[in-house]
Each structure stands twice: as C-alpha cells, then as structure tokens.
Amino acid sequence: MVGLPNIDRSHVVKDVVADLLQRALDALIAEGKLPLTERPAIRVEHARDRGHADLASNVALTLAKPARRPPRELAEEIVAALPGDDRIDRIEIAGPGFINFFLATGARNAIVRTILEAGATYGHSDAGAGRSIQVEFVSANPTGPLHVGHGRGAALGASVANLLAATGWRVEREYYVNDAGRQMDILALSVWLRYIEAHGEAVAFPANGYHGAYVRQIAGALQAKEGDGLVHAAASVAHELPPDAGDGGDAEAHIDALVERARTLLGDDGWERVFETGRHAMVENIRQDLAEFGVVYDRWFAERGLYTGDAVERTLERLRRSGHVYSHDGAEWFRASAYGDEKDRVVVRDNGQTTYFASDIAYHLDKLERGFDRLINVWGADHHGYVARMQGALRALTDGDDRLEILLVQFATLYRGGEKIPMSTRAGEFVTLRELREEVGNDAARFFYVLRRCDQHLEFDLDLAKAESQDNPVYYIQYAHARIASVFSQLEARAGTWDRGRGLAHLDRLGTHHETELLAALERFPEVIAQAAANREPHRICYYLLEDVANAFHTWYNAETFLVTDETLRDARLALVAATGQVIRNGLELIGVSAPESM
RNA sequence: GCGCCCGUAGCUCAGCCGGAUAGAGCGUCGGCCUCCGGAGCCGAAGGUCACAGGUUCGAAUCCUGUCGGGCGCGCCA
C-alpha cells in the first residue's frame, strides 16, 4: 500500500479554479500590486447555495488585512488578473468580497472518465504517505459475548481503519485481549462451577460470577475435553467460605475465596486447563462474531504475554530510571500529574502487585517499539477518565511526543416500537452484538453504528434498520446501487449494449440540472474521504452517500429515462450511471456495507 | 465538588480547523402520478443554533461563564 499514485487532479474543477487564483495572485505579487511577503494559501469551496455560485473563494477577504486593502477592491483586482479558462462561464464578486465562479455547462463531465478509470481506487489519496498507524479497537474482556456497545466500537474502528488505508496510511488493526486479570479468574471459576454442577455437584452460584448461558456451553466443552477428571465434591468446594452477598456477606470476598479454593483443589495444572478452556472459547467466540460482522484484525495481542516475559517490569524500570515513577506510601506511582492528569496514578500496589494501568503502559510501549508512527485507541466513553493518564504515559515514554490518539465512543441505546430497550448487564436484559446482527443484518448494523458522530449518543432504531423502505438510509443507498445494476440488465433485456467508449467520447451530452448535481457530488468524493479520514469521522461517508449521491441519483432517475434511442446520449448517461455505481460501491466498502446488485 | 462529552426545526440528526439567506430525513399541510424496480414525485409551513458575555470585518462554529442532560472520578479490572 506504500506509495499510492499521486492522482492527477487537473480535471477537478475546484483545483483548476484554485490554480487560476494562485496564478493571479502570483502575478499581482510579481507586479508589486500586492504587498505580501508570503504566498497565501488559496481556499476554494463548493458554494453552499447554488444560487450564489458553483464555486467560491474568500481569498480577498482573508488577504484584506495583510494587504491593507478593502476586500471588494482586492477581489476586483484578482478577478482582472485571472487567466481565462473555458470551464468557467462567468465570475462575480459578491457580498463582502467573495469571488464566485459559475461553471460552464459540462465543466465537470471529465470526472466520469476519471472515476471509471480509477475504479475501486477512485476517491483514494496518499495523504498518509505510507506512514504507519495502528488502530486498536473493541478490546473487550473475553469474559462474555460482545454486546451492542462493543458493536459501535467495532464498526467505528473498522471504518476509521479503512479510511486511513484509503488515504495512504499503512494500517494495522489490533485487538488487545485482556486475558490476565481477576475477571478472567472469575470466568474460569464460573465455567468450573457449571461443569461440576453438570456432574451433580451443585454449589450455590456466586452473585458476582458470570451467569450467562454461554458459561454452561463452555462447561460442556470442558466436559468434552476433560471428562469428569476435574470434578470435586460440592462440600469440599463450599467448605467454610466467607458468606456471599445473598447471605449478608461481601460478594467480592466470597468470590475471591472461591477462586482460591478452586485453585487449591484443582492444582496449578488443573486450574490452568479450566482457565484456558474458558479463555480460548471466549476469544474464539469474539473473533468469530467480529469476523461475521466484517471486522477482521491483523493481530490479537494477549495481555498474558506481557507477564510471561518481563515486559511490565522492564517498562516500570524504564520509567523509574527516567524519574516518571516514584515510591510513596509503600506503592509506586506514575507521575501523571506532570502531563495534565488530575493526580499521580499507582502502578505497583503496596502488596507488590502491578495494576492494570502498569500492564497497559507496557502494552503501549510494545506498540511504540513496533515502530508505528501513530496510534489510535477506540474506547468506550466510560473510560474517559483514563485518557489523561494513558496519554501522559505515552508522552513519558516518547519524550513528550504526542503519538496516541483516543477516540471515545458514546453509548448506543436500542429502540423498538418507539420504546427504549433497557440495557443492563443483568442476565436476560443483555443484548448481544450477535442478536442485533441477527435481527437487523450486518449491513444495517454497520451503517447505523457509524451514522452518528462517535461523541454523540446513538439512538438505534431497530424498526427503521429493518425497514425495506426508502425511509431506511441503508436501504435507500443500496437501492440506488441495485437500480444501477438494474438499468444495465434492463438494457441487456432490450438487446442493447453499452458502448463505454462512445459514452466517454460524448460526455458533453450531459448537462441537465440533475446530471450536473450528480457530477458535482461524484467529484467531491475524494475530499469527503480525506476529511472523514483526517477527522476520524466515518459518518461523513454515510451522509455523503445518502444526501449527496443516492439522493441525486434517485432524483435524476425519477426525472429522466436513461435508455433512450439516441445512442450517444444513452451511452453518455450510462457512463454517468456506471460512475455513480462505482462511487457508491467505494463508499459503502469504507464503512463495511455491501453494495447489492439486486434486492 | 472536580473532569470529559453533548444541548441546532415537533422527532432523529448533519453542518463546527469562522464566511453569504443554518440543512436532511421523519412527522404535518397542499398538489401530481402509477412510469427502467415495488406508496412514488413535486412543493409549503416549521429554528432567538440552551442562555449570557467576549474575540472578529464576519460566530451555530473560537474563548469564558451559567443552566440542562450523559458519563467518569479506587493502591478495581
């Protein structure tokens, strides 16, 4: 993916205009008419309101101050110095000093050829210049199936990764498997309790254990692998444990004691086999779930690996040496407050155990050592309290370099029949990603998840996502694509063929209002991708496809017949139809949604 | 109490590295139409951009404060 070709943009009218303005300014500066020391950056924008213009520039406004001239007067002078171009019909100066360009009919037609020639790469660019970037996302603890909240992180992370790849970054997608903590011990314990329960050794299930049905399934797998070799009598398991919450005790103390008991009864080897069965089953469950969702990783990084080696200790030692970690009150602290965090954070507890934060720093040091130019983490918004310390740690490890970016994803709420679906992790009310996918389909799920900005709460309307009507935005876009395929099969049914060369040779036959609108939308695609990638905002792709492309296409389709008898006109229109299909496919690809030929 | 995110049309949301008369879909109201692909097409009404200051030639957009909503503030993971 390194060295994506530089795309020739001489056919993109917006760039043509920017170039003309640049030349006009250069000329004025050379003639001494503009007292500017540096060459100003030119900005040309698509006019929001077509009544104003097709393209507009505010250079005269921004230059007014440094040039000490009234903006309108400046605009007049720039316009007078503009070289001619037959793609521009006329130029006006409006409002406080905008230079408005009205394009000649057909000025944008050349984009059709560009799109058809670039095909699947149309819209891509090389802004990333082959630099490397790692996107770490989802990274849910493998203690249960993914739920709908994780789905949003998955859809966002995958789409952002695609956007970066499309803009010339070398992207690596990674899942950090938190398989080393106490929660994993509790999963192993839960599995084992269900396993002995299936052998008639029922122990009261702990309040803080994992109650989900999937635990019994894993217990079944354990049974298949181990037979009854790991069964212990219920009485020996429950013997003299501190009381659980239901018996007026402390749920945490109870379950920790149960874990210890299981370890003792099973021995290191037996415990490890139970643990590994649970870990493996859950990681595979998640991997499979995501793969079905179209989310595939380059690497699954196991937290456990940090402990089998000396990564955590090595990281701490490095921070101690550089003075970022100090001892206090029997614990060791990372000097997070030096990097804008509210306070310093413990990395080694007074009992000698390292904290989760310590292994997270070690993990991120590992990322740095792998040489990524940039790192992106996608986190649930409930983790925002960790942003400052994590970025602080990264700066401490890189001498102040700001290489880690964290995208926080707000919560998603599901609605069915206008009613909010309650979402707690309590058994029964838990909505998994798999259930959601099965109900609305992968396409709708991927689309709705990234439809909103990630820092916006998401109201996910299940009924709308399932609707086969044009109210459903995914359907509306996919329908445009299917319609395009249908136009060509319709042509075939009438024993006609599309002469692509003739179409491209007669693009000047395009020029109606609807065609011009559609052409303008297609021309904008590379900018939309560039901006979506730079801001990590895949929702822009959704809105672009929906409001700019699909809408313009449907409107055109409804207004005009493509399959006319005039062959040059027909072939030119079909070229535009084909180009539209290409842009829709490319856009949907970025957000992981399929582009069906028929629906 | 402190910190982060968000307050835009009746509803759900775009627009936010400052730019002209703030947009879309749904809903509401009024007209057409059944045509390559199926309730579709065209149009209208509807907004002090939460509020108050500030910066600027120009603010929904940047800064400060207030109010409202969400989330987070362990030697938990």
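In what follows, chains carry the letters A, B, and so on, assigned in the order in which the sequence lines appear, proteins first and then strands, with residues in each chain numbered from 1.
Proximity of R570(A) to the phosphate of C36(B): no side-chain N or O atom is located under 4.0 Å from OP1 or OP2. Between R43(A) and the phosphate of G19(B), there is no side-chain N or O to OP1/OP2 separation shorter than 4.0 Å. Between C76(B) and R349(A), a contact under 4.0 Å exists linking OP1 or OP2 to a side-chain N or O. Close to C13(B), at under 4.0 Å from its OP1 or OP2, lies no side-chain N or O of H457(A). Dashed line: the shortest gap from a side-chain N or O of R453(A) to OP1 or OP2 of U8(B) is not under 4.0 Å. The shortest distance between the side-chain N/O atoms of Q456(A) and the OP1/OP2 oxygens of G70(B) is not below 4.0 Å.
Only the C1' atoms considered, G18(B) is 8 Å distant from G58(B), to the nearest whole Å.
Where K343(A) and Q531(A) each meet RNA chain B at their nearest nucleotide, the meeting point lying more 5' is that of Q531(A). Checking A381(A) against R389(A), the closest nucleotide of RNA chain B that is more toward the 5' end is the one next to A381(A).
The residue E560(A) sits close to a base: some heavy atom pair falls under 4.0 Å. Contacts of D256(A) with the nucleic acid, taken as non-hydrogen atoms under 4.0 Å apart, are absent. N558(A) comes within 4.0 angstrom of sugar-phosphate atoms only, judged by non-hydrogen atoms across all strands, and of no base. Residue A56(A) is classed as a base contact, given a heavy-atom separation below 4.0 Å to a base. Within 4.0 Å of A482(A), counting heavy atoms only, lies at least one base atom of the nucleic acid. Backbone-only contact: T555(A) has heavy atoms under 4.0 Å from sugar-phosphate atoms and none from a base.
When every heavy atom of H211(A) is checked against every heavy atom of P206(A), the shortest pair comes out as NE2-O, 3.3 Å. Looking at every heavy atom in both residues, L187(A) comes nearest to T143(A) through CD1-O, 3.6 Å. In terms of heavy-atom proximity, A140(A) sits nearest to Y175(A) at O-OH, 2.8 Å. Nearest heavy atom pair, residue M282(A) against residue Y214(A), reads SD-CD1, 3.7 Å.
Looking only at distances, no side-chain donor or acceptor of R453(A) sits under 3.5 Å from a matching main-chain atom of R540(A).
Between the P atom of G40(B) and the CH2 atom of W556(A) lies a distance of 22 Å, rounded to the nearest Å. Going from atom CD of Q490(A) over to atom P of C35(B) covers 13 Å, rounded to whole Å.
One finds no salt bridge joining D463(A) and R416(A) here, because no Lys/Arg side-chain nitrogen approaches an Asp/Glu carboxylate oxygen to under 4.0 Å. The residues R374(A) and E405(A) are annotated as salt-bridged, a charged nitrogen and a carboxylate oxygen being separated by less than 4.0 angstrom. Salt bridge absent: E515(A) and R509(A) never bring a charged side-chain N and a carboxylate O closer than 4.0 Å.
Note on ring orientation: taking the six-membered ring where Trp is involved, the planes of Y544(A) and F525(A) are parallel (angle under 30°, cut-offs 30° and 60°).
Base pairing of C26(B): its partner is G10(B), meeting the Watson-Crick or G-U wobble criterion (both donor-acceptor distances under 3.5 Å). Of the nucleotides present, none pairs with U21(B) by Watson-Crick or G-U wobble criteria with both distances under 3.5 Å. Base-pair partner of G72(B): C2(B) (Watson-Crick or G-U wobble, both distances under 3.5 Å).
Side chain N58(A) to base G19(B): a donor-acceptor pair is found below 3.5 Å. At a cut-off of 3.5 angstrom, counting only N and O atoms as typed in the model, there is no donor on one side facing an acceptor on the other between the side-chain of D185(A) and the base of A77(B). Evaluation of atom-type donor-acceptor distances gives a pair under 3.5 Å for the side chain of H384(A) against the base of G3(B). Below the 3.5 angstrom threshold, one finds a donor paired with an acceptor across the side chain of Y386(A) and the base of C76(B).
In this structure, the aromatic ring of Y543(A) is not positioned over the six-membered ring of the base of A24(B) within 5.5 Å between centres and 30° between planes.
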Listing time: all N or O pairs from protein to nucleotides 55-61 of chain B that are below 3.5 Å?
{"residue": "C57(B)", "atom": "OP1", "partner": "K65(A)", "partner atom": "NZ", "Å": "3.4"}

